[in-house]
Every structure is written in structure tokens, then in C-alpha cells.
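Each remark here refers to the structure printed beneath this line.
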Amino acid sequence: MRPGRQIVRLTYAHDTTGFPAILVDHLKKLGYRWYPEYTVYEDYREFNQEQYEAEMVIWDRQDLSITELHTFRGIGVTVEMAV
């Protein structure tokens, strides 16, 4: 039996194109030192179907801070669509 969820990708998306690159550019202009953190999970579905859930966290811009300012989630049938 397969697990209900598993991590497929964990990245900071620092060399990407599209929306993650635009978000990083805007966060740099606002003074944030940390890249947004993306975690993508695969949700197990019956009959060989795939569904992915992406969770993006924006951290506080202070040094050595562990405060999550924003957490966003997206769902898609591919990893890129979820992100």
C-alpha cells in the first residue's frame, strides 16, 4: 500500500522563469533576503491518477527569523501546474 502523500520536490526556485522568478524579483526589491520555499507533495489517487499540492512559504525578512509571513497552497495535475 502506498502512502497518502509524499514529497516530490523541495526547492527555493532561484533559477526559474515565470511567476516564481517575478515573485523573487519583487521580494528582493522589498528587502527580503530569503527566497520563497516551495514544497510539492503528491497525493495518492486510485487508478494511477496523479494530483500534486504545492505549498509556498515566504519567511520574515529579518536575519535568523523562523517566522512564516505567508503560506500559500496550489493544486494541479502536474508539479509545474501546482507551483
Side-chain angles (χ1 to χ4, degrees):
M1 181 171 206
R2 292 182 57 185
R5 320 177 81 181
Q6 62 182 356
I7 292 179
V8 177
R9 185 179 296 171
L10 177 62
T11 183
Y12 289 105
H14 63 280
D15 288 330
T16 61
T17 59
F19 178 74
I22 295 169
L23 179 63
V24 167
D25 185 48
H26 285 294
L27 288 175
K28 281 183 184 179
K29 289 178 184 177
L30 291 172
Y32 286 85
R33 295 177 178 90
W34 310 109
Y35 286 99
E37 181 180 282
Y38 290 86
T39 307
V40 181
Y41 301 95
E42 179 184 9
D43 294 326
Y44 176 71
R45 299 282 182 217
E46 295 287 330
F47 307 112
N48 204 20
Q49 295 178 356
E50 295 177 344
Q51 180 173 326
Y52 297 95
E53 180 181 349
E55 179 181 277
M56 191 222 14
V57 177
I58 296 177
W59 299 97
D60 191 10
R61 58 182 165 181
Q62 299 177 7
D63 287 333
L64 303 175
S65 175
I66 58 170
T67 305
E68 294 180 7
L69 291 181
H70 301 285
T71 303
F72 301 98
R73 290 185 172 79
I75 296 176
V77 293
T78 66
V79 173
E80 290 77 18
M81 186 182 293
V83 170

Problem set entry | Whichever hydrophobic residues join Y41 through chains of side-chain contacts under 4.5 Å | I7

Exercise. Among the clusters formed by ILVMFWY side chains lying less than 4.5 Å apart, do Y38 and M81 turn up in the same one?
Worked result: no

Sequence neighbours excluded and cut-off under 3.5 Å, please list the side-chain donor-acceptor pairs for residues 24-32, or say none.
none

Exercise. Which distance, rounded to the nearest 0.5 Å, do you find between the CG of D43 and the CD of E50?
Worked result: 11.0 Å

For this session: Answer whether the closest heavy-atom distance between the side chains of F72 and E55 falls below 4.5 Å.
Result: no

Exercise. Who are the salt bridge (Lys or Arg N to Asp or Glu O under 4.0 Å) partners of R9, not counting sequence neighbours?
Worked result: E80

Exercise. How close do A82 and A54 get, heavy atom to heavy atom, and via which atoms?
Worked result: O-CB, 3.4 Å

Exercise. When hydrophobic residues are tied together by side-chain contacts of less than 4.5 Å, even through go-betweens, does L69 share a cluster with L23?
Worked result: yes

Problem set entry | Gap separating the CD1 atom of I58 from the CD atom of E37, nearest 0.5 angstrom | 11.5 Å

Exercise. If every non-hydrogen atom of Y52 is compared with every non-hydrogen atom of V8, which pair is closest and at what distance?
Worked result: CE2-CG2, 3.9 Å

